[in-house]
Amino acid sequence: MSQQTPVARVEPVWRTWLERWPTPADLAAESPGEVVRAWGRLGYPRRALRLRDAAVAVVERHAGEVPADEESLRALPGVGAYTAAAVAAFAFGRRSVVVDTNVRRVLARAVEGRALPSPALTAAESRLAATLVPEDPERAALWNVAVMELGALVCRARGPECDRCPLLDRCAWVAAGSPPDDGPARRGQAWHGTDRQVRGALVQALREQADPVPRPELERTVTSRLGIVGAPAVEQVDRCLASLVEDGLVEPVEDAFRLPA
DNA sequence: AAACCGGGGAA
DNA sequence: TTCCCAGGTTT
């Protein structure tokens, strides 16, 4: 849930979720549609499907117990390098190299002397982090969470509080006079009128409706909620419904659509 | 390497 | 408005 979503927004959903499905087997036995519905407005609803798929895989491959080693974790749906490393370290105390957006920023500043890391994780960054993480598993887990929290709470993307940073005296960025970001302007993702927004509106409409929703009603929803009208709306709704079906987030039922049973 | 995938809250 | 968030998958 925390992939690209702030923890503060995740927490309430996470609590309700674990109350409803305490174990992987519980989640694996649930329908995809109910899982997407419970995901609510966390965004990236494909994560909900992958989380359920991961629960199925945990039941099938690991007797219902979440594996502790990074390689097995990495093989689960929706689990990439970051999540595998984080679970191995924080849930199981294994030594791993956790490189999230916070760690990247701390290392970019403290070590490389840059205001912000590059847009995408590079191999050089991963190698750098690997050389810094302590060898001892317990200390490694502590290092990982410490650097992550430092980035989240002190060494923030905007408005870092260098005054209360324990690395102040050793920070290459501060030593260089805290220069501004020298990279190209970060392009914000377009949003209004995009397929992303339309897909979101469609899934939201289907979350709120237990019964299948006819296509004309979905088009009216997109028009009223997003202000998209006319032939472009029809075309875009068609395209988005097709992609949602392709993703397994939506199920066609005769001339209507619903979350997958 | 680049594109695609949501949504909300703070600045 | 813009920015940014405990990233992953596909091409």
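Just so it is clear, the model here is predicted, and its values are computed rather than measured. Quick note on labels: first sequence line is chain A, next is B, and so on, each numbered from 1.
Regarding contacts with the backbone of dC5(C), a side-chain N or O of Thr101(A) is found under 4.0 angstrom from either OP1 or OP2.
Residues Arg109(A) and Arg114(A) form no side-chain contact, since every pair of their non-hydrogen atoms from C-beta on lies 4.5 Å or further apart.
Arg225(A) has a carboxylate O that lies under 4.0 Å from a charged side-chain N of Glu208(A), or vice versa, which qualifies the two as a salt bridge. Arg52(A) and Glu30(A) are not joined by a salt bridge, as no carboxylate oxygen comes within less than 4.0 angstrom of a charged side-chain nitrogen. Look at Arg74(A) and Glu71(A) and you find no salt bridge, because none of the NZ, NE, NH1 or NH2 atoms lies under 4.0 Å from a carboxylate O. Salt bridge present: Glu11(A) and Arg15(A) bring a charged side-chain N and a carboxylate O closer than 4.0 Å.
Between Asp100(A) atom CG and dC4(C) atom C1' there is a gap of 13 Å when expressed in whole angstrom units. Atom CD of Glu11(A) and atom P of dG9(B) are 15 Å apart (whole Å). A straight line from CZ of Arg156(A) to C1' of dA6(C) spans 17 Å, rounded to a whole angstrom. Atom pair Glu149(A):CD and dC5(C):C1' shows a separation of 14 Å (rounding to whole Å applied). When the C1' atom of dG7(B) is taken as reference, atom CE of Met1(A) falls 15 Å away, rounded to whole Å. One atom, CG of Leu51(A), and another, C1' of dG8(C), lie 13 Å apart when rounded to the nearest Å. Between the CZ atom of Arg105(A) and the P atom of dC3(C) there is a distance of 15 Å, given to the nearest Å. Regarding Trp39(A), its CH2 atom lies at a distance of 12 Å from the P atom of dG7(B), rounded to whole Å.
The cluster map of Ile, Leu, Val, Met, Phe, Trp and Tyr, joined by side-chain heavy atoms under 4.5 Å apart, puts Val36(A) and Tyr44(A) in different clusters.
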Taking Watson-Crick and G-U wobble contacts under 3.5 angstrom, with | marking pairs to another strand and [ ] crossing pairs, the secondary structure of DNA chain B is written |||||.||.||
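Arg61(A) places no side-chain N or O within donor-acceptor distance of the main-chain N or O of Pro67(A), the cut-off being under 3.5 Å.
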Interface polar pairs with nucleotides 3-6 of chain B, N/O, under 3.5 angstrom:
from	atom 1	to	atom 2	distance (Å)
dC5(B)	O4'	Arg46(A)	NH2	2.7
dC5(B)	N4	Gln189(A)	NE2	3.4
dG6(B)	OP2	Arg199(A)	NE	2.6
dG6(B)	O4'	Tyr44(A)	N	2.9
dG6(B)	N7	Tyr44(A)	OH	3.3
dG6(B)	N7	Arg196(A)	NH2	3.3
dG6(B)	O6	Tyr44(A)	OH	3.2
dG6(B)	N1	Gln4(A)	O	3.1
dG6(B)	N2	Gln4(A)	O	3.4
dG6(B)	N2	Thr5(A)	OG1	2.8
dG6(B)	N2	Leu42(A)	O	3.0

Polar atom pairs (N or O), protein with nucleotides 9-11 of chain C, under 3.5 Å:
from	atom 1	to	atom 2	distance (Å)
dT9(C)	OP1	Gly78(A)	N	2.8

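Residues from residues 17-34 of chain A placing a heavy atom under 4.0 Å of any atom in DNA chain B do not occur.
Residues that satisfy the salt bridge (Lys or Arg N to Asp or Glu O under 4.0 Å) test with Arg46(A), not counting sequence neighbours, are Asp247(A).
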Evaluate side chain to side chain contact (heavy atoms under 4.5 Å, CB included) for Leu76(A) paired with Asp53(A), printing each intermediate quantity in order. CA-CA 8 Å; Leu76(A) 298 174; Asp53(A) 290 340; over 6 Å; no
Donor-acceptor pairs are to be reported for all side-chain atoms of residues 253-261 of chain A against protein atoms at under 3.5 Å, with residues two or more places apart or in another chain.
from	atom 1	to	atom 2	distance (Å)
Arg258(A)	NE	Glu251(A)	OE1	3.0
Arg258(A)	NH2	Glu251(A)	OE1	3.0

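Here the CZ atom belonging to Arg94(A) is positioned 9.0 Å from the CG atom belonging to Leu73(A), to the nearest 0.5 angstrom.
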